Amino acid sequence: MSIGKKIAHKAETMKGGAKKTTGRATGSWRLQAEGRGDQLKGNIKQAGAKIKDAFKH
């Protein structure tokens, strides 16, 4: 997996965390849910990349 994709997946996770925190601070349930979703997607992509790398070596 390329370093660019790894960075993109990490950025997606961080973006989701920021959205979730902002939603919590403003009381926006919608923003919290979006943040949790983005965070989960990023984490899943990172896990998939780790598995792919494990079989590559």
Side-chain angles (χ1 to χ4, degrees):
M1 172 122 320
S2 72
I3 190 75
K5 285 190 178 190
K6 287 181 181 182
I7 291 170
H9 297 162
K10 185 68 173 177
E12 187 171 9
T13 302
M14 291 174 60
K15 181 182 86 172
K19 265 188 184 180
K20 186 172 75 170
T21 302
T22 303
R24 199 177 300 146
T26 60
S28 172
W29 293 102
R30 182 188 62 78
L31 197 57
Q32 283 183 29
E34 278 183 27
R36 279 193 302 270
D38 288 347
Q39 207 170 20
L40 182 63
K41 278 192 331 190
N43 286 336
I44 289 171
K45 287 179 182 179
Q46 285 178 342
K50 285 180 184 178
I51 291 170
K52 203 178 217 182
D53 286 344
F55 284 108
K56 191 183 271 187
H57 296 283

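FYI, side chains are in, hydrogens and waters are out, and symmetry mates aren't considered; it's all heavy atoms of this structure. Keep in mind that what you see is a predicted model, and the values were worked out from it rather than measured.
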* Can E34 and L31 be said to form a side-chain contact (heavy atoms from CB on, under 4.5 Å), step by step? -> CA-CA 5 Å; E34 278 183 27; L31 197 57; 4.3 Å; yes
* To the nearest 0.5 Å, what is the distance between NZ (K50) and CZ (F55)? ->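 Taking NZ in K50 and CZ in F55, the distance rounds to 15.0 Å.
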* Asked: Out of curiosity, Q32 CD to Q39 CD, how far, rounded to the nearest 0.5 Å?
  ->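 Reported value, rounded in 0.5 Å steps: 11.5 Å.
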* Asked: Would you say K41 and D38 make side-chain contact, with heavy atoms under 4.5 Å?
  ->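 Sidechains of D38 and K41: in contact.
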